[in-house]
Amino acid sequence: MELTLLVHALAWTMLGLVVLTTVVPVRAKYPFMAMANIDSVVPFALMGFLFVMAYPEDRRIVALVCISVAAASEMMALVLPEKCLRIERAILKVLATVSGLLLGALFMECLLQAF
């Protein structure tokens, strides 16, 4: 019971962090010139993984929501003045989310097989 609550909290926290890093200005986000690809891949893959673990019965809805969040995070560049829209970055975020979703589904299947 506590583990499912923890996974739910982690999944929603990761979604909040993804949204927060989307609206933060670029100058505040990269003070040490971190690679933008790492910033794009890791949080979205982790978000997909955690949401599949939190809601294993609703994989289709989880996939739709996570992929929509990944696409919308890059489309926010059309609204925010300091951002620039890059299609390759949007594709990278969506692919990272899909890989996290697939890894989460594979992990859950292995967990079900073990127990």
Side-chain angles (χ1 to χ4, degrees):
M1 180 70 178
E2 293 87 19
L3 185 61
T4 58
L5 289 175
L6 177 67
V7 173
H8 282 278
L10 286 174
W12 286 103
T13 302
M14 183 54 68
L15 178 67
L17 289 174
V18 163
V19 171
L20 182 68
T21 58
T22 299
V23 297
V24 169
V26 176
R27 281 174 269 141
K29 195 157 92 173
Y30 298 113
F32 54 90
M33 295 302 289
M35 289 179 52
N37 291 338
I38 292 173
D39 179 40
S40 296
V41 171
V42 173
F44 289 95
L46 190 59
M47 180 185 66
F49 184 83
L50 288 172
F51 267 100
V52 167
M53 293 214 25
Y55 302 100
E57 309 88 26
D58 304 322
R59 289 186 187 163
R60 290 182 183 152
I61 295 171
V62 164
L64 182 66
V65 168
C66 288
I67 291 171
S68 298
V69 166
S73 73
E74 192 61 33
M75 297 305 152
M76 287 294 291
L78 296 172
V79 178
L80 299 173
E82 294 184 1
K83 304 275 185 170
C84 62
L85 177 66
R86 293 182 47 198
I87 297 299
E88 57 271 357
R89 196 170 32 199
I91 292 170
L92 185 67
K93 288 178 180 181
V94 169
L95 287 176
T97 304
V98 169
S99 66
L101 291 166
L102 291 174
L103 285 173
L106 183 65
F107 182 75
M108 289 302 290
E109 288 298 321
C110 290
L111 213 78
L112 290 174
Q113 293 290 330
F115 295 107

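- When hydrophobic side chains of Ile, Leu, Val, Met, Phe, Trp and Tyr are connected at separations under 4.5 Å, Ile91 ends up clustered with Ile87, Leu95.
- Distance check: Phe107 CZ to Leu112 CG gives 10.5 Å after rounding to the nearest 0.5 Å.
- For the atom pair OG of Ser68 and CE of Met75, the computed distance is 11.0 Å after rounding to the nearest 0.5 Å.
- In the hydrophobic clustering of this structure, Leu106 does not group with Val62; members are Ile, Leu, Val, Met, Phe, Trp, Tyr whose side-chain heavy atoms approach within less than 4.5 Å, directly or through other members.
- The shortest non-hydrogen separation linking Pro56 to Met108 is CB-CE, 3.8 Å.
- With sequence neighbours excluded, the residues forming a side chain to side chain contact (heavy atoms under 4.5 Å, CB included) with Ala70 are Phe44, Lys93, Val94, Thr97, listed by chain and number.
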Let me have the donor-acceptor pairs involving side chains of residues 10-20, under 3.5 Å, with sequence neighbours excluded, atom names and distances please.
{"residue": "Trp12", "atom": "NE1", "partner": "Tyr55", "partner atom": "OH", "Å": "2.9"}
{"residue": "Thr13", "atom": "OG1", "partner": "Ala9", "partner atom": "O", "Å": "2.6"}

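- Residues forming a side chain to side chain donor-acceptor pair (under 3.5 Å) with Glu88 (at least two apart in sequence, or on another chain): Arg86.
- In the hydrophobic clustering (ILVMFWY side chains linked at under 4.5 Å, chained through shared members), Val79 stands by itself.
- Residues forming a side chain to side chain contact (heavy atoms under 4.5 Å, CB included) with Ala63 (at least two apart in sequence, or on another chain): Leu101.
- Across all non-hydrogen atoms, the minimal contact from Glu74 to Ala90 is CG-CB, 3.6 Å.
- Grouping the Ile, Leu, Val, Met, Phe, Trp and Tyr side chains by contacts below 4.5 angstrom, directly or via other members, places Val98 apart from Leu64.
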